[in-house]
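As structure tokens, the structure follows; a few thoughts come after it.
In this text, all values refer to a predicted model and were calculated from it rather than measured experimentally. Atoms considered below: every heavy atom in the structure, side chains included; atoms not considered: hydrogens, waters and symmetry mates.
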Amino acid sequence: MAERMGGRSAPKTESTIRDWDDADPSGQTYSRVLFIDSDLTEVNNHRGVFEECVFRGVRFNASVHQEAAFVNCTFVRCSFFDSTFTRCKLMGSMFDDCTYNLMKVEGGDWSFVGLPGANLTGVELSGTKLREADLTGLRAGKAVLRNVDLSGASMQRADFTGADLRGSDLSTLDPLTVTLKDAIVDLPQAIVITTSLGLEVRP
């Protein structure tokens, strides 16, 4: 039976893998698999593909993922400490009660991802697509979100205190519903934010 998470239905899985230690997902494809309590610490995943899978209590600590795909997956109580995702596709995936300390994301497509209430404090994302992502209540204090495509993303009640947002698309950000104290923005972004506040910019 599919579960409801954040307004979405988690994928209905067809098989289960427990304690998947010493895993080597590189080049492999997994579809509708439930992974439970597995330790994927320091795993090097190159082009592994996961489709509509569910990860529960899985540790991705210090793992490296290159050109891998986690499409329409669900992550519950997973740890991503010091993990790295480079040019990966996570479109439509949902995260619930996970930890992301020191996680780094470079490039890739994370459009339609669900990260409501996630604590991304200190996380680094650069050149990543987060189009129409659910970032409601996101906590991204001192995070680095450089050149991130946030077009259409839901960012109500998000906290970007001290975050570096330079180069990111803030066209759908409502400055009245988020916290931007000490955030770093570039000049074009400052104009977008000012215009959103109903102010007129003149030389």
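- Atom CG of L145 is separated from atom CD1 of I184 by 11.0 Å, given to the nearest 0.5 angstrom.
- Residues A140 and A163 approach most closely at O-CB, 3.5 Å, considering heavy atoms.
- The distance from atom CG of N119 to atom CG of D97, rounded to the nearest 0.5 Å, is 11.0 Å.
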Show your reasoning for whether side-chain contact (heavy atoms from CB on, under 4.5 Å) applies to V105 and L90. CA-CA 11 Å; V105 179; L90 280 87; over 6 Å; no
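- Atom CG of N45 is separated from atom OG of S83 by 11.5 Å, given to the nearest 0.5 angstrom.
- Contact check for M155 versus L138: no side-chain heavy atoms found under the 4.5 Å cut-off.
- With hydrophobic clusters built from ILVMFWY side chains whose heavy atoms lie under 4.5 angstrom apart, F75 shares a cluster with Y30.
- In this structure, the side chains of L150 and L170 come closer than 4.5 Å at one or more pairs of heavy atoms.
- Atom CD1 of I17 sits about 4.5 Å away from atom CZ of F35, to the nearest 0.5 Å.
- Not one N or O on the side chain of R146 forms a donor-acceptor pair closer than 3.5 Å with the backbone of L125.
- Inter-residue side-chain proximity for L173 and F160 is flagged as met; some heavy-atom pair is nearer than 4.5 Å.
- With no hydrogens or angles considered, a side-chain donor-acceptor pair links D169 and S171 at under 3.5 Å.
- Nearest heavy-atom pair across L40 and A23 is CD2-CB, 3.6 Å.
- In this structure, F80 and Y100 have parallel ring planes: the angle between them is below the 30° cut-off, well short of the 60° mark.
- Between the OG atom in S79 and the CE atom in M103 there is a gap of 11.0 Å [rounded to 0.5 Å].
- Note on ring orientation: taking the six-membered ring where Trp is involved, the planes of F85 and F70 are perpendicular (angle over 60°, cut-offs 30° and 60°).
- Between atom NE2 of residue H46 and atom OG1 of residue T86 there is a gap of 11.0 Å, rounded to the nearest 0.5 Å.
- Residues E51 and N72 are not in side-chain contact: their nearest non-hydrogen atoms beyond the backbone lie 4.5 Å or more apart.
- F55 and F50 have perpendicular rings, their planes meeting at more than 60° on a 0 to 90° scale where under 30° would count as parallel.
- Atom NZ of K89 sits in a sparse spot, with 12 or fewer heavy atoms from other residues, nucleotides or ligands closer than 6.0 Å.
- Taking each heavy atom of S168 and V148 in turn, the nearest pair found is OG-N, 3.0 Å.
- Put simply, the side chain of T13 never gets that close to the backbone of V33: no donor and acceptor are under 3.5 Å apart.
- Two residues are said to be in side-chain contact when any heavy atoms from C-beta on lie closer than 4.5 Å; P25 and W20 meet this criterion.
- Put simply, the side chain of T177 never gets that close to the backbone of Q156: no donor and acceptor are under 3.5 Å apart.
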Take K129 and D149 through the salt bridge (charged side-chain N to carboxylate O under 4.0 Å, His left out) test and state the conclusion after the steps. CA-CA 5 Å; K129 291 181 181 178; D149 185 352; over 6 Å; no
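- Linking ILVMFWY side-chain heavy atoms closer than 4.5 Å, directly or via other members, places V144 and L120 in two distinct hydrophobic clusters.
- Proximity of L180 to L165: side-chain heavy atoms (C-beta onward) are separated by under 4.5 Å at one or more points.
- One N or O on the side chain of S93 and one on the backbone of C73 form a donor-acceptor pair closer than 3.5 Å.
- In this structure, D159 has no salt bridge (Lys or Arg N to Asp or Glu O under 4.0 Å) partners at least two apart in sequence or on a different chain.
- Annotation for P175 and L197: closest pair CG-CD2, 3.6 Å, computed over non-hydrogen atoms.
- Partners of R87 under the salt bridge (Lys or Arg N to Asp or Glu O under 4.0 Å) rule, at least two apart in sequence or in another chain, are E67.
- When all heavy atoms are compared, the tightest approach of G117 to R139 is O-NH2, 3.2 Å.
- Scanning both residues, N44 and Q66, for their nearest heavy atoms gives OD1-OE1, 4.4 Å.
- For residues 27-45, every residue pair satisfying the salt bridge (charged side-chain N to carboxylate O under 4.0 Å, His left out) rule, not counting sequence neighbours, is listed here: E14-R32, R32-E52, D39-R59.
- Without hydrogens or angle criteria, E132 side chain to S111 main chain gives no donor-acceptor distance under 3.5 Å.
- With a 4.5 Å cut-off on side-chain heavy atoms, N61 and D82 do not count as touching.
- There is a path of hydrophobic side-chain contacts, each under 4.5 Å, that joins L176 to L199.
- Of the possible polar contacts, none joining the T195 side chain to the I193 backbone as a donor-acceptor pair under 3.5 Å is found.
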